[in-house]
2 protein chains.
Amino acid sequence: MSIRDVANAAGVSHQTVSRVINGHPRVRPATRARVEAVIAELGFRRSVAAHALASGRTRSVTVLTANTTHYGRAALLRGVEEAARAASYAVGICVVESEEPRAVRDALDRATDAGGGLIVIAYDEPGLRALEQAPAGLPLVAAVETPAAAPPAASPWVWTDDRRAAREATEHLLGLGHRTVHYLAIPSTTRSRGGSQRAAGWREALTRASAAVPEPVAAGWTPAEGYAAGRRLAADPGVTAVLCGNDDLALGLLRALHEAGRRVPEDVSVVGFDDAPHAAYLAPALTTVRQDFHEVGRVCFGRLHGLIEGGAPVGPHALATPRLTVRESTGPAAPPA
Amino acid sequence: MSIRDVANAAGVSHQTVSRVINGHPRVRPATRARVEAVIAELGFRRSVAAHALASGRTRSVTVLTANTTHYGRAALLRGVEEAARAASYAVGICVVESEEPRAVRDALDRATDAGGGLIVIAYDEPGLRALEQAPAGLPLVAAVETPAAAPPAASPWVWTDDRRAAREATEHLLGLGHRTVHYLAIPSTTRSRGGSQRAAGWREALTRASAAVPEPVAAGWTPAEGYAAGRRLAADPGVTAVLCGNDDLALGLLRALHEAGRRVPEDVSVVGFDDAPHAAYLAPALTTVRQDFHEVGRVCFGRLHGLIEGGAPVGPHALATPRLTVRESTGPAAPPA
DNA sequence: GGCCCGCATGTGACCGGTCACCATCCTGGG
DNA sequence: CCCAGGATGGTGACCGGTCACATGCGGGCC
């Protein structure tokens, strides 16, 4: 079933069929109608492979990421998928296993082979390496951490200002009377010396308030890692307020505090990050910074789409600053004994 | 950069290059080495589009699902991706928005256009409809609920026996002295009259024990829905044990119970389903049924891969029965007042 | 020494689209 | 009445692989 079969059945040339399926204007309405009727009758669908080969365009994007299940990345992926679907683009996924050069190159090769545009989730080291090593000329947009400085005008980056959000979250805690705020850290990309931008915002707030800046506690992304690292925090009676790099970490920390017999928020206040679906339903409900990853994904696709179809160069783009959502896990510092 | 360029540079015909990249045995080692050297030097990569067009094979699978973010489906997707990557298959995702015929047909069209194999996650109505309406002849494997009866030998289905697991979970609760067990239900596919197989297992245990069978409480998949529906359960003092269709629902229920001032497990016992990453870190830690979606995904891909490459027909396949993991959210029924 | 055969390799068609370019037909202005 | 030029539509090459088949060559066997 090719355009030539359709052409025969409709009594036109294959080129006319091609014009019809591509919405080319120079086709008489009567001819167009006849061809469309035959297409519907035969159930013709154009071959994606042939189209891609002949035109060089694929109408597809692939999302390159280190993980597809953690909340933020999964939500971002969903945003991409929705926007892509609306534009009838196909979406592929390509996971970078680790930050080893070989794994990064493999992933890049796979992503490039797919032929379409590329959306890189560069929230972590593997993603960031992939972004840095992506071949020039490949249509690409990246979701990144808040840049430390003003990015070059040509960087196709999308982010939310979570550095500022982290600062505000820290100030919220400080405003509650806590002497200082500890930080339970998600892994940072090595490019940003001194930790992620979330960490930078936290440090900034502390410094401005002349509060002590404790050593950040390194964790990972998952509740299990938050729990493991959180036990140290829970064991330290000097800790009364903790900002967590994400809500899963906060969940683990909450558990560690619970086991240590420390009440939240009476003894310790906890702030999460991202507003994952579970945050509002924990007991205590988690105060957290609401991030719209869904929107980040949509914007990434939108800009990539513009780049592919319009050729318009894509520059850096910040979304609205995420806002702190205060719930039950934060409260006034206990008065000094 | 095509195989002909490589051929010229290596002083062989394009066909010999083709044989080399496909690992065809009838090539002299010296020739092969020379061609491989040129390929490496030029950085040649075969065009996926041209390969697909000429051979009719795509080396890709697309996962058709109603959702990519809920734990079970996300984990399954991850399993598929890992297995696919190991086999150097590309993976695409295709989301069915709703169960409307139009949406289902669209999704199927998109999935079919991709050209490769298809993995349908048919845990819900949209997925199930897509499965039922998938064109015959398309290489396809589906992750489904536990079948009610022995499935036809030709059904390419993969599942875990969660009906039995639900029965065991219910029996665990009954064994703790609860008079009956309520069920907070995930949406069921209409094909299985009377609810999902999880519901069937629950009902079976109740019936065997001659316990009353309360009306299941319909919820959705998310904590928010579990909370909304759970409030009714929490308000009913007769409720002392609840089985939840998944862990997110259980989370919402836990919250509703907390707000209603009912202690878990002292007043009410709660069992979840799936063992999502957060289950073990809630306070109380959730007793739940551990599901290996990751493995389901791997198996789906493995069978599809066999179908595509080997042509071996794929029949139904049950994985090991998921096991109950007892944690803190279940306890003995309170002695009658 | 001639013949047959299998290995190694080359040749050209073909997959199903798109692209550049050409052929008609029709209309209107000079 | 003729010709320019826009509107329609057709022709054949081409994208970069794979496939079926042809060809050259060397060795074993009689």
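In what follows, chains carry the letters A, B, and so on, assigned in the order in which the sequence lines appear, proteins first and then strands, with residues in each chain numbered from 1. All figures in this text were calculated on a predicted structure; none of them were measured in a lab.
Within the 4.0 Å cut-off from OP1 or OP2 of dG9(D), not a single side-chain nitrogen or oxygen of Thr16(A) is found. For the pair Ser18(A) and dT18(C), the criterion of a side-chain N or O lying under 4.0 Å from OP1 or OP2 is met.
Distance from the side chain of Arg4(A) is smallest for dG16(C) among the nucleotides dA8(C), dG16(C), dT11(C). In this structure, of dT18(C), dT11(D), dT18(D), it is dT18(C) that holds the atom nearest to the side chain of Asn22(A). Closest to the side chain of Val12(B), out of dG10(C), dT9(C), dG12(D), is dG10(C).
Partner Asp124(A) forms a side chain to side chain donor-acceptor pair (under 3.5 Å) with one of Arg73(A), His70(A), Arg129(A) and no other, that one being Arg73(A).
Between Ile21(A) and Gly11(B), the residue anchored closer to the 5' end of DNA chain C is Gly11(B), taking for each the nucleotide with the nearest heavy atom. Each of His14(A) and Thr31(A) lies near DNA chain D, and the nucleotide nearest Thr31(A) is the one positioned closer to the 5' end.
Going from atom CD1 of Ile3(A) over to atom P of dC15(D) covers 17 Å, rounded to whole Å. Distance, Arg19(A) CZ to dT8(D) P: 11 Å, rounded to whole Å. If you measure from atom CZ of Arg26(A) to atom C1' of dG5(D), you get 12 Å, rounded to the nearest angstrom.
At a cut-off of 3.5 Å, with distance as the only test, no side-chain donor of Thr68(B) or Glu81(A) sits close to an acceptor on the other residue.
Within a heavy-atom distance below 4.0 Å of DNA chain D, the residues of residues 43-60 of chain A found are Leu53(A), Ala54(A).
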Worked verdict on Arg105(B) versus Glu100(B) for salt bridge (charged side-chain N to carboxylate O under 4.0 Å, His left out): CA-CA 9 Å; Arg105(B) 199 145 34 76; Glu100(B) 274 179 56; over 6 Å; no
